[in-house]
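Report on one structure; see the data block that follows.
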Amino acid sequence: MRFKALTQYSEKLRRVSSRNVKIDIIIDFLRKLKKNEAAIAVTYISGKIMQGKINMAWKGLNELYGIRSQPTRTPELLEVNTYLERASQARGRDKVEVLFPLFKRLTKPERKHLIALIAGEAQQGAGEGLVKIAIARFFGLSDNEIEKAYLQKPDVAGLFNLLRERGMAGVKGLRVQIFSPVKPMLAQISESLDEIFADNDDFALEYKLDGIRIQVHRRGDRVRLFSRHLKDISDHFPDLVDMAKQLPIDRFILDGEAIGTDEKGRVVPFQILARRTTRKKDISAMQQRVPVLPRFFDALYVDDEDLTRLFVLDYAGAGARYNVVD
């Protein structure tokens, strides 16, 4: 598939508001994919790039958008990905130089869309969640089946390829594994308590402390921490790593939040706690300045038993959590 076609599909998604129509558009897109480009294409239609981020400043992206194009046959998705991979390995101004030949071959709408993908700001009204549903419909999976598969393999591009190559057998063979982060269940926004009462017969309320989502994996003396975006943040929280090693079970995956506190034990604002996830130097000093306490609410895996099968029963995920907008 050429990048022009991807841009056109994204524009189709942007123009419609119906969720079902969007899903139909994505399914049509999936039908057109070749095997060697599928992972790239599914990632792009989800509004992302394979490299995650290539850390380009807006000044460089604006320069690329404004160059004089020499429209030729628009590049294939595989070519675009190759250029982006090279750019992700380059530094500073070199990123612009690497991408310059690619952008010369793109029309303005194509350049605009590629910049949006690079910046993580593709405004098409369809992201990973909708693509996941389209994949389920494409392969004839139920909502429960795709949710369970996605929980264990939180990668829509990888799921698509797995289903394409192995069908349901590949999905049924998925297992939660220590040190392979599980997609976290996130809260949904509700406008009022009345809405929650209308959607749920049985639920509980709890205070929401402003912390950082953590997923703690341990096997023996090895411990890794992952963020809500599945990034390894172990090096930023050596105190939590040490704490996990003290627990009486040595094989587990726990889901929860890290709460920052001050010298009097009071919860600090998220903006202060977030500094611990960005600090690359003097981590021990920051650890003393902003100590953290773990607050776990789910055990996903304990002593070689996958506990997620006990609660992945519902399309919304493991039950439903709500943040109420005041």
Side-chain angles (χ1 to χ4, degrees), residues 1-54 56 61-62 64-88 95-96 98-141 146 155-165:
M1 179 179 285
R2 297 191 177 275
F3 192 75
K4 179 179 181 179
L6 171 80
T7 303
Q8 291 171 338
Y9 270 101
S10 179
E11 183 61 28
K12 288 180 183 179
L13 290 171
R14 190 179 295 110
R15 287 177 179 174
V16 300
S17 57
S18 167
R19 182 170 174 269
N20 287 331
V21 173
K22 287 179 183 289
I23 291 171
D24 288 340
I25 292 171
I26 297 170
I27 290 173
D28 184 58
F29 174 81
L30 297 176
R31 290 195 185 103
K32 307 288 179 63
L33 302 181
K34 300 173 185 176
K35 183 178 180 179
N36 64 343
E37 67 186 6
I40 297 168
V42 172
T43 303
Y44 288 178
I45 202 65
S46 301
K48 301 178 180 179
I49 58 175
M50 297 289 286
Q51 294 73 23
K53 292 183 179 180
I54 60 177
M56 286 195 68
L61 292 172
N62 284 331
L64 288 169
Y65 179 72
I67 63 175
R68 179 177 296 179
S69 63
Q70 298 176 355
T72 57
R73 200 175 184 196
T74 187
E76 298 276 354
L77 297 184
L78 287 166
E79 291 182 80
V80 174
N81 187 64
T82 298
Y83 274 103
L84 293 180
E85 187 61 32
R86 291 174 185 165
S88 70
K95 294 180 184 290
V96 176
V98 168
L99 293 176
F100 189 84
L102 171 64
F103 273 77
K104 283 182 66 175
R105 297 169 59 188
L106 301 176
T107 63
K108 279 200 170 184
E110 292 162 9
R111 276 182 270 164
K112 183 178 180 180
H113 186 57
L114 182 53
I115 287 172
L117 287 174
I118 292 172
E121 296 185 3
Q123 303 294 325
Q124 59 187 24
E128 198 169 77
L130 211 58
V131 173
K132 176 182 60 177
I133 297 170
I135 290 172
R137 304 272 173 87
F138 185 80
F139 290 104
L141 274 66
I146 196 66
D155 169 16
V156 289
L159 267 181
F160 181 78
N161 274 344
L162 181 63
L163 285 163
R164 193 170 189 171
E165 293 171 8

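When reading the values below, keep in mind they use all heavy atoms of this one structure, side chains included, and skip hydrogens, waters and symmetry mates.
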Yes or no on side-chain contact (heavy atoms from CB on, under 4.5 Å) for L141 and L159, after CA distance, side-chain angles and deciding distance? CA-CA 12 Å; L141 274 66; L159 267 181; over 6 Å; no

So if I apply the side chain to side chain contact (heavy atoms under 4.5 Å, CB included) rule between L64 and each of M56, K95, R111, which one comes out positive? M56

Could you measure the distance from the CG atom of N62 to the CD1 atom of I115? Nearest 0.5 Å is fine. 7.0 Å

Can a donor-acceptor pair be found between the side chains of Q124 and S10 at a distance below 3.5 Å? yes

Rounded at 0.5 Å granularity, tell me how far CD1 in I23 sits from CZ in F138. 14.5 Å

At what distance, to the nearest 0.5 angstrom, does NZ of K4 lie from CD of E110? 7.0 Å

Geometric class of the H113/F3 ring pair [parallel <30°, tilted 30-60°, perpendicular >60°]: tilted

Among I135, L130, I45, find the one that has a side chain to side chain contact (heavy atoms under 4.5 Å, CB included) with V156. I135

For the NZ atom of K108 and the CG atom of L106, what is their distance to the nearest 0.5 Å? 13.0 Å

Sub-3.5 Å donor-acceptor pair from the side chain of K22 to the main-chain atoms of A126, do we have one? no

Contact between D24 and V16 at the side-chain level, heavy atoms closer than 4.5 Å - yes or no? no

Would K132 and E128 pass as an ion pair if we require N to O under 4.0 Å? no

Holding to side chain to side chain contact (heavy atoms under 4.5 Å, CB included), I want the full list of residues that pass it with F100, two or more places apart in sequence or in another chain. I67, K104

Would L114 and I118 satisfy side-chain contact (heavy atoms from CB on, under 4.5 Å), going step by step from the backbone distance to the final call? CA-CA 6 Å; L114 182 53; I118 292 172; 4.1 Å; yes

Minimum-distance pair of heavy atoms, taken over all atoms of L33 and A41: CD2-CB, 3.4 Å

Could you tell me the separation between the CZ atom of F29 and the CG atom of L13, rounded to the nearest 0.5 Å? 9.0 Å

Is any side-chain heavy atom of L84 closer than 4.5 Å to a side-chain heavy atom of V98? no

Go through it in stages, so that I can follow the logic: the residues are D28 and Y9, the test is side-chain contact (heavy atoms from CB on, under 4.5 Å), and I'd like the CA-CA distance, side-chain angles, deciding distance and then a yes or no. CA-CA 9 Å; D28 184 58; Y9 270 101; 2.6 Å; yes

Pairwise distance CE(M50) to CG(L77) - rounded to 0.5 angstrom: 11.0 Å

Check against side-chain contact (heavy atoms from CB on, under 4.5 Å), Q51 and N81: CA-CA 9 Å; Q51 294 73 23; N81 187 64; 3.0 Å; yes

